[in-house]
Trainee: 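Quick one: the structure is below, questions incoming.
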Amino acid sequence: MRVLVVEDEQLLADAVATGLRREAMAVDVVYDGAAAIERVELNDYDVVVLDRDLPLVHGDDVCRRVVELGLPTRVLMLTASGDVSDRVAGLELGADDYLPKPFAFTELVARVRALGRRTSAPLPPVLERAGIRLDPNRREVFRDGRQVQLAPKEFAVLEVLMRGDGAVVSAEQLLEKAWDENTDPFTNVVRVTVMTLRRKLGEPPVIMTVPGSGYRI
């Protein structure tokens, strides 16, 4: 899952981003509304975590822009105000969910994951294919009943492949969904991560390489 965090309080923004990355999400961070609009016009995000009170361009206008672009991106709006009228106003702008500050990080993660599931065709909460069982909420993976310990990026890549439901997923798609925008697009990190995943998942191999196209399970 790829997430954009938009928050002008830099310490909070960076803390949220770090926490989401530990949950195997690819996260970009910006600190004002103008930069947020640039990112959503350039990149494909599953979820935008959007502070409402932003400098340069207000969070309301960022939300309007996401709606105008017709993107499948879901918006989780944050605000320091707990006033009901503010929450209603944000939802009427096109936000998909609303979370007042201060918030529990576990609740933020749960809301982001729930919104992320809405951006694609409905899938069961636990993904199963070719003897692999992946639980995104518990961050657990089993192969034929044996638990497999994965690093966050390995988990993220496997989740993207599992959500592909047998379709070919290109290296570019994996890079976009599992890494942030600071990753060198010419790096071999996808190939290395897939090799490590194959080794950890064991025999017989379940991740197949489709020459010139990508990978599938």
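Start at 1 with the first residue, then count along the sequence.
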Trainee: Would E9 and K101 pass as an ion pair if we require N to O under 4.0 Å?
Mentor: yes
Trainee: Under the rule for side-chain hydrogen bond (donor to acceptor under 3.5 Å, both in side chains), what residues qualify as partners of E23, not counting sequence neighbours?
Mentor: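 For E23, no residue satisfies side-chain hydrogen bond (donor to acceptor under 3.5 Å, both in side chains) once neighbours in sequence are set aside.
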Trainee: Who are the salt bridge (Lys or Arg N to Asp or Glu O under 4.0 Å) partners of R39, not counting sequence neighbours?
Mentor: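 R39 satisfies salt bridge (Lys or Arg N to Asp or Glu O under 4.0 Å) with E181 once adjacent residues are dropped.
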Trainee: Quick one: pull up CG in L134 and CG in L161 and give me the separation to the nearest 0.5 Å.
Mentor: 10.5 Å
Trainee: State, yes or no, whether a side-chain contact exists between L158 and M162 at a heavy-atom distance under 4.5 Å.
Mentor: yes
Trainee: Is there a side-chain contact between L108 and L76 (heavy atoms, below 4.5 Å)?
Mentor: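 Of all side-chain heavy-atom pairs linking L76 with L108, at least one is under 4.5 Å.
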Trainee: I'd like to check the side-chain hydrogen bond (donor to acceptor under 3.5 Å, both in side chains) partners of E68; sequence neighbours left out, ordered by chain and number.
Mentor: R65
Trainee: Starting from the C-alpha separation in whole Å, work towards a yes-or-no answer on side chain to side chain contact (heavy atoms under 4.5 Å, CB included) for D8 and D53.
Mentor: CA-CA 8 Å; D8 64 319; D53 299 313; 5.9 Å; no
Trainee: Kindly indicate, with the supporting measurements, whether the criterion side chain to side chain contact (heavy atoms under 4.5 Å, CB included) is fulfilled by R191 and M195.
Mentor: CA-CA 6 Å; R191 182 173 60 82; M195 287 174 59; 3.6 Å; yes
Trainee: Hey, could you give me the CG/CG distance between L54 and D60, rounded to the nearest 0.5 Å?
Mentor: 9.5 Å
Trainee: With sequence neighbours left out, what residues match E38 under salt bridge (Lys or Arg N to Asp or Glu O under 4.0 Å)?
Mentor: none
Trainee: For the OG1 atom of T193 and the CZ atom of F155, what is their distance to the nearest 0.5 Å?
Mentor: 14.5 Å
Trainee: R146: which residues meet the salt bridge (Lys or Arg N to Asp or Glu O under 4.0 Å) condition with it, sequence neighbours left out?
Mentor: none
Trainee: Is H58 reaching over with its side chain to a backbone N or O of R52, donor-acceptor style, under 3.5 angstrom?
Mentor: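 Looks like yes, one N/O pair under 3.5 Å.
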Trainee: Applying side-chain hydrogen bond (donor to acceptor under 3.5 Å, both in side chains) as the test, list every pair that has at least one member in residues 203-217; sequence neighbours left out.
Mentor: R198-T209
Trainee: Within the distance-only criterion (no hydrogens, no angle test), does the side chain of D32 pair as donor or acceptor with the backbone N or O of A35 below 3.5 angstrom?
Mentor: yes
Trainee: Answer yes or no: is there a side-chain heavy-atom contact under 4.5 Å between V126 and F142?
Mentor: no
Trainee: For residues 13-21, please give each side-chain donor-acceptor pair under 3.5 Å, one per line with the distance, not counting sequence neighbours.
Mentor:
unit_1: D14; atom_1: OD1; unit_2: Y31; atom_2: OH; d: 2.7
unit_1: T18; atom_1: OG1; unit_2: D14; atom_2: O; d: 2.9
unit_1: R21; atom_1: NH2; unit_2: V27; atom_2: O; d: 2.9

Trainee: Nearest 0.5 Å, what's the CG-CG distance between L71 and D44?
Mentor: 7.5 Å
Trainee: Please round to the nearest 0.5 Å and tell me the distance separating atom CD of E159 and atom CG of L150.
Mentor: 11.5 Å
Trainee: Output yes when D46 and R74 qualify as a salt bridge under the 4.0 Å nitrogen-oxygen rule, no when they do not.
Mentor: no
Trainee: Taking side-chain hydrogen bond (donor to acceptor under 3.5 Å, both in side chains) as the test, write out the residues that go with R22, two or more places apart.
Mentor: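 R22 satisfies side-chain hydrogen bond (donor to acceptor under 3.5 Å, both in side chains) with no other residue.
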Trainee: Do the charged groups of R2 and D28 touch, with an N to O distance under 4.0 Å?
Mentor: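 Yes, charged N to carboxylate O under 4.0 Å.
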Trainee: Counting heavy atoms not belonging to M208, are there more than 12 under 6.0 Å from its CE?
Mentor: yes
Trainee: Is a side-chain donor or acceptor of K153 paired with a backbone partner of A178 at a separation under 3.5 angstrom?
Mentor: yes
Trainee: So, taking the atom named CG in L42 and the one named CD1 in I37, what distance separates them when rounded to the nearest 0.5 Å?
Mentor: 13.5 Å
Trainee: Would you mind listing the cluster partners of V168? Hydrophobic ones only (ILVMFWY), side-chain contacts under 4.5 Å, chaining allowed.
Mentor: V210
Trainee: Give the C-alpha distance, both sets of side-chain angles, the deciding distance and a yes or no for side chain to side chain contact (heavy atoms under 4.5 Å, CB included) between R113 and M25.
Mentor: CA-CA 10 Å; R113 287 202 178 279; M25 300 180 196; 3.8 Å; yes
Trainee: Are V141 and R133 packed together at the side-chain level, in the sense that at least one heavy-atom pair is separated by less than 4.5 angstrom?
Mentor: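 Not touching, per the 4.5 Å side-chain cut-off.
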Trainee: Between T79 and Y98, is any pair of side-chain heavy atoms under 4.5 Å apart?
Mentor: yes
Trainee: Would you mind listing every salt bridge (Lys or Arg N to Asp or Glu O under 4.0 Å) that reaches into residues 102-111, with sequence neighbours excluded?
Mentor: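 Salt bridge (Lys or Arg N to Asp or Glu O under 4.0 Å) check on residues 102-111 returns D97-R111, E107-R111.
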Trainee: Would you please name every residue forming a side-chain hydrogen bond (donor to acceptor under 3.5 Å, both in side chains) with E154, sequence neighbours left out?
Mentor: K200
Trainee: Applying side chain to side chain contact (heavy atoms under 4.5 Å, CB included), run through L78 and V49 and close with a yes or a no.
Mentor: CA-CA 7 Å; L78 307 178; V49 178; 3.6 Å; yes
Trainee: Can you sort out the partners of E140 under salt bridge (Lys or Arg N to Asp or Glu O under 4.0 Å), two or more places apart, ordered by chain and number?
Mentor: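 Once residues adjacent in sequence are excluded, E140 has no partner under the salt bridge (Lys or Arg N to Asp or Glu O under 4.0 Å) criterion.
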Trainee: Between the main-chain N or O of V6 and the side-chain N or O of D51, is there a donor-acceptor pair closer than 3.5 Å?
Mentor: no
